[in-house]
Protein chains: 2
Amino acid sequence: MNKKEHLFITFEKLLRVKSECSSSIFSECGLSDITIKQMGYLKAIDECEEVTFSRLAEITRNSKPTITEMVNKFVKMECVYRERSTLDGRIFYIRLTEKGQTIARLERNSLLRLIERMTGSLDEKDMDTLVRILQKVK
Amino acid sequence: MNKKEHLFITFEKLLRVKSECSSSIFSECGLSDITIKQMGYLKAIDECEEVTFSRLAEITRNSKPTITEMVNKFVKMECVYRERSTLDGRIFYIRLTEKGQTIARLERNSLLRLIERMTGSLDEKDMDTLVRILQKVK
DNA sequence: AGCAGTTAGTTAGTCATTGCCTAATTATAA
DNA sequence: TTATAATTAGGCAATGACTAACTAACTGCT
């Protein structure tokens, strides 16, 4: 087996672990049936500091009623909640619950779990070596 | 910054590259709007040597008409084609086109592209070291 | 202070697509 | 002739989108 194949198999194993971590996160949140679109919306909400219905409609290029329905669905899923502005009673901010944020940051969270797993099996020197080598990749 | 954070950032960069490779593959195939379910069916077809409509209905726990519709959709998307059995004219095998197989094996293909990128920046010794260290991860 | 106009979000009603089903049909084999 | 493989017809729920009309709340002007 050549070096590329070795590398492929090694990374495949790591990615399988990460993918299992993603699945665990979804099922821990009871959201295994979430759609690609819904993931996209949660990420869009997470990327904003404070986001109103109108603003999210702008960002995602949807109508306001679409956002209302989407938010209602997310509220039922316990991913987001509304917070009324104290300055202007017409305005509601869309906020992620802890669960919503966990899912919005799924990539990050599953990678964190993988890194935990790695650091459990590697010593300090190995980690330094890994970082040193992988940083060369352009 | 501690070693875990370093490792996180390093892997995040690699995974971003891989994710860009996945997106490129989808758009090269003109299939950026494929759904999670459809991906699952393509993988199921790919995992079988030879699969008929009835067999795929069994495997995926769906009715036969569901498979017919799904296959018709995939035929329009140029992901699969029918091949009539020479032994029994009632039987059709569901076969992946090249495009269908590329998508069914997306994980593999995007990882292959990432590995290509890595091997372009690393020397033989680095690759050996990577494999040696990463194989320790349980 | 009070009304008119503007703005934020919601409701009602519609629509296309996906993904699934059962029942009936057609074509082929045994 | 009967059984089997796949298809057609017709239906249904959920997702994800829209426009038009509405309600609630703020803003500005007299």
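So you know, we letter chains A, B, ... as the sequences are listed, proteins then strands, and number each from 1. Values below: every heavy atom of this structure, side chains too, minus hydrogens, waters and symmetry copies.
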Specify the separation, in whole Å, of atom [atom1] of [X] and atom [atom2] of [N].
X       : N      : atom1 : atom2 : result
B/Asn72 : D/dA9  : CG    : P     : 12 Å
B/Arg61 : C/dC21 : CZ    : C1'   : 17 Å
A/Phe53 : C/dT11 : CZ    : P     : 10 Å
A/Lys64 : C/dT7  : NZ    : C1'   : 7 Å
A/Met70 : D/dA14 : CE    : C1'   : 16 Å
A/Leu56 : C/dG9  : CG    : P     : 10 Å
A/Arg55 : C/dT7  : CZ    : P     : 17 Å

Could you state whether B/Ile103 and B/Leu112 fall into the same hydrophobic cluster, counting links through intermediate Ile, Leu, Val, Met, Phe, Trp or Tyr residues with side-chain heavy atoms under 4.5 angstrom apart?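 No, separate clusters.
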
Hey, quick one: are A/Tyr41 and A/Leu31 part of the same hydrophobic cluster, counting side-chain heavy atoms closer than 4.5 Å, chains of contacts allowed?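 Yes, A/Tyr41 connects to A/Leu31 through the hydrophobic network.
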
In terms of side-chain geometry, is the basic nitrogen of A/Glu107 or A/Lys18 positioned less than 4.0 Å from the acidic oxygen of its partner?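 Judged by the 4.0 Å cut-off on N to carboxylate O distance, A/Glu107 and A/Lys18 do form a salt bridge.
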
Going by an N to O cut-off under 4.0 Å, is there a salt bridge joining A/Glu116 and A/Arg113?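 No, A/Glu116 and A/Arg113 are not salt-bridged.
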
Under 3.5 Å, N/O pairs linking protein and nucleotides 21-23 of chain D:
none

Can you check whether [X] has a side-chain N or O nearer than 4.0 Å to OP1 or OP2 of [N]?
X       : N      : value
A/Ser63 : D/dT19 : no
B/Arg84 : C/dA29 : no
A/Ser54 : C/dG9  : yes

Under the side-chain hydrogen bond (donor to acceptor under 3.5 Å, both in side chains) test, which residues partner A/Ser22, sequence neighbours left out?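 Checked A/Ser22 against side-chain hydrogen bond (donor to acceptor under 3.5 Å, both in side chains); matches are A/Ser110.
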
Which residues pass the side-chain hydrogen bond (donor to acceptor under 3.5 Å, both in side chains) test with B/Arg82, not counting sequence neighbours?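 Here the qualifying residues are B/Asn72.
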
Nucleotides 17-19 of chain C: which of its N/O atoms have a protein N/O under 3.5 Å away?
from   : atom 1 : to      : atom 2 : distance (Å)
C/dG19 : OP1    : B/Thr35 : OG1    : 2.6
C/dG19 : OP2    : B/Gln38 : NE2    : 3.2

Could you go through residues 127-138 of chain A and list every donor-acceptor pair under 3.5 Å that involves a side-chain atom there, pairing it with any protein atom two or more places apart or in another chain?
from     : atom 1 : to       : atom 2 : distance (Å)
A/Asp128 : OD1    : B/Lys3   : NZ     : 3.1
A/Asp128 : OD2    : B/Lys3   : NZ     : 3.2
A/Thr129 : OG1    : A/Lys125 : O      : 2.7
A/Lys136 : NZ     : B/Asp126 : OD1    : 3.4
A/Lys136 : NZ     : B/Asp126 : OD2    : 2.6

Does CG belonging to A/Asn2 count more than 12 external heavy atoms closer than 6.0 Å?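 Counting neighbours around CG of A/Asn2, more than 12 heavy atoms of other residues, nucleotides or ligands fall under 6.0 Å, so yes.
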
Please say whether more than 12 non-hydrogen atoms of neighbouring residues, nucleotides or ligands are located less than 6.0 Å from CD in A/Glu5.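 Correct, the count exceeds 12.
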
Would you say A/Arg108 and A/Leu111 make side-chain contact, with heavy atoms under 4.5 Å?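 In short, these two side chains do not touch, never coming nearer than 4.5 Å.
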
How many angstroms lie between OG1 in B/Thr97 and CZ in B/Arg95, if you round to the nearest 0.5 Å?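 One finds 12.5 Å between OG1 of B/Thr97 and CZ of B/Arg95.
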
Strand contacts (DNA chain D) in residues 85-95 of chain B, 4.0 angstrom heavy-atom criterion: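 B/Arg90, B/Ile91, B/Phe92, in order of number.
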
